[in-house]
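Down below is the structure, laid out as structure tokens.
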Amino acid sequence: MTWDELDAHLDGVPGTVSAYVGRPGADPAWTRHADATHYAASTMKAAVLVALHRAAESGALDLDTPVPVRNEFDSALPGAPRFRCARHYDNDEAVWERVGDSAPLRWLAHRMIVRSSNLATNIVIGHVGLPAVAEVWALAGARHSVTGRGIEDFAAREAGITNLVTAADLAALLGALATGAHTPGPLASPAGCAAMLDVLFAQEHREDLAAGLPEGTRIAHKNGWVHGVRHGAGVVFPDDAPAYAVVACTTTDLADGGPDGDEAEDDACRLIAGISAAAWAARHDL
């Protein structure tokens with residue numbers, strides 16, 4: 001399928017489908033509404049991961065020092081009461097089992113990515129601060145993405161404080177990690193970028209971008225979903241071609257969790273897998 005044919009197919013999808021495909025540090029091979037903003041869902045956790053590693057590299061914190069695991073957080077809305085996460089809305093029981101105890105920030109960051117733990121995310125944000133996450137977006141060259149609040153900060157959400165991403169910005173962020181792992185870049189040291197890529201390689205939710213790739217293909221990625229939203233952002237490392245970024249952001253009724261609420265049966269997942277498959281087929285020509 002050519003890019004024009006893929007565009008024509010996506011024209012028939014309800015809602016907004018944004019995409020970016022290209023090699024890190026180079027002009028994209030194909031984009032579609034790449035600067036359109038979408039609610040970030042859990043893709044914002046990739047920027048939180050970078051903020052944490054930057055804080056560790058600056059000496060502001062130690063990734064291996066245990067911190068309290070507590071379910072209470074400051075709202076991003078000044079004067080609002082502290083808020084809590086809902087256990088049933090999370091994806092990782094392992095973090096909840098440590099509430100009242102402690103865990104290293106490195107472990108919490110790992111669970112934040114590979115299982116998309118909301119509780120771990122808010123704990124990490126509490127240690128790095130939202131301004132540090134904003135700095136990550138700026139350093140990556142992102143133009144429209146915003147991380148304005150933690151997960152389930154409903155008071156802030158009702159006040160219009162939100163989390164937004166674009167396909168181009170997610171590609172810039174993850175592409176900077178990929179290039180930064182072997183060439184000093186703006187986000188972190190090469191060792192730090194490589195460590196973050198290792199976390200993204202370990203992603204356990206593989207029903208969208210990864211589903212469009214041959215089994216065993218290495219992809220460092222983060223996805224995100226809520227009802228009406230499904231995104232996948234990653235860097236693919238083929239054995240027979242240079243690495244490339246592939247991002248798909250969808251705000252669509254197709255992102256409904258499927259008839260039984262099973263994300264693997266979500267039509268938006270299949271749509272993103274199709275975009276990933278098209279990028280893979282074109283990997284030698286990007």
Side-chain angles (χ1 to χ4, degrees), residues 1-43 46 144 165-175 177-179 200-201 203 205-225 228-259 262-286:
M1 181 182 294
T2 67
W3 298 126
D4 286 343
E5 290 170 337
L6 182 55
D7 259 321
H9 169 69
L10 295 175
D11 284 343
V13 174
T16 302
V17 179
S18 301
Y20 183 108
V21 176
R23 304 211 188 283
D27 290 337
W30 173 66
T31 64
R32 176 185 173 86
H33 307 315
D35 290 324
T37 55
H38 298 256
Y39 176 66
S42 290
T43 57
H144 305 291
V165 292
T166 71
D169 289 349
L170 286 167
L173 177 66
L174 296 183
L177 283 180
T179 58
L200 292 161
F201 279 129
Q203 173 65 256
H205 293 283
R206 302 181 62 83
E207 58 278 342
D208 39 56
L209 286 179
L213 299 172
E215 187 172 356
T217 302
R218 297 175 75 227
I219 176 172
H221 65 121
K222 183 71 192 84
N223 37 27
W225 59 93
V229 167
R230 184 82 199 196
H231 307 324
V235 179
V236 180
F237 292 80
D239 290 335
D240 60 350
Y244 63 89
V246 55
V247 180
C249 297
T250 72
T251 300
T252 172
D253 291 342
L254 298 181
D256 61 358
D262 181 356
E263 63 197 28
E265 297 299 322
D266 195 315
D267 287 338
C269 286
R270 287 188 281 272
L271 181 74
I272 293 172
I275 292 171
S276 182
W280 173 263
R283 67 193 182 278
H284 298 294
D285 302 315
L286 298 178

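None of the values given here were measured: they were computed from a predicted structure.
Among all heavy-atom pairs drawn from V247 and G234, the shortest one is CG2-N, 4.4 Å. Annotation for D253 and D256: closest pair O-CB, 3.7 Å, computed over non-hydrogen atoms. Nearest heavy atoms, T16 versus A36: CG2-CB, 4.4 Å. Across all non-hydrogen atoms, the minimal contact from A255 to D266 is CA-OD1, 3.3 Å. C249 and L170 make their closest contact through SG-CD1, 3.9 Å (heavy atoms, listed as atom of the first residue, atom of the second, distance). Residue G175 comes nearest to P24 through the heavy atom pair O-CB, 3.7 Å, listed as atom of the first residue, atom of the second, then distance.
In this structure, the separation between CD1 on I275 and CG on L10 is 5.0 Å, given to the nearest 0.5 Å. Between the CH2 atom of W225 and the CD1 atom of I272 there is a distance of 11.0 Å, given to the nearest 0.5 Å. The line from OG of S18 to CG of D35 is 8.5 Å long, rounded to the nearest 0.5 Å. Atom SG of C269 sits about 5.0 Å away from atom CG of D208, to the nearest 0.5 Å. Distance CG/L6 to CG/D11: 9.5 Å, rounded to 0.5 Å. Here L174 contributes atom CG and T179 contributes atom OG1; the two are 11.0 Å apart, rounded to the nearest 0.5 Å.
Formation of a donor-acceptor pair under 3.5 Å by the S42 side chain with backbone atoms of G224 is not found in this model. Proximity of a side-chain donor or acceptor of R218 to a complementary backbone N or O of P238 within less than 3.5 Å is not detected.
Taking 4.5 Å as the limit, every side-chain heavy atom of V165 sits out of range of all side-chain heavy atoms of T37. In this structure, the side chains of V229 and T250 stay at 4.5 Å or more apart for every pair of heavy atoms. Side chains of V235 and V246 form no contact here, defined as non-hydrogen atoms less than 4.5 Å apart. Using a 4.5 Å cut-off on side-chain heavy atoms (C-beta onward), V21 and T31 make no contact. Two residues are said to be in side-chain contact when any heavy atoms from C-beta on lie closer than 4.5 Å; R23 and L286 meet this criterion. Using a 4.5 Å cut-off on side-chain heavy atoms (C-beta onward), F201 and I219 make no contact. Between R32 and V17 the shortest side-chain heavy-atom distance falls below 4.5 Å.
The distance between the ring centers of Y244 and F237 does not fall below 6.0 angstrom.
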Pair R230-N223, side chain to side chain contact (heavy atoms under 4.5 Å, CB included): steps then yes or no
CA-CA 8 Å; R230 184 82 199 196; N223 37 27; 3.9 Å; yes
Take H205 and K222 through the side chain to side chain contact (heavy atoms under 4.5 Å, CB included) test and state the conclusion after the steps.
CA-CA 8 Å; H205 293 283; K222 183 71 192 84; 5.8 Å; no
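The list of ring-ring contact (aromatic ring centres under 6.0 Å, His included) pairs with a residue in residues 17-40, not counting sequence neighbours, reads W3-W30, H38-H231.
Listed by chain and number, the residues in a side chain to side chain donor-acceptor pair (under 3.5 Å) with T166 are D169 (sequence neighbours excluded). With sequence neighbours left out, D239 forms a salt bridge (charged side-chain N to carboxylate O under 4.0 Å, His left out) with no residue at all.
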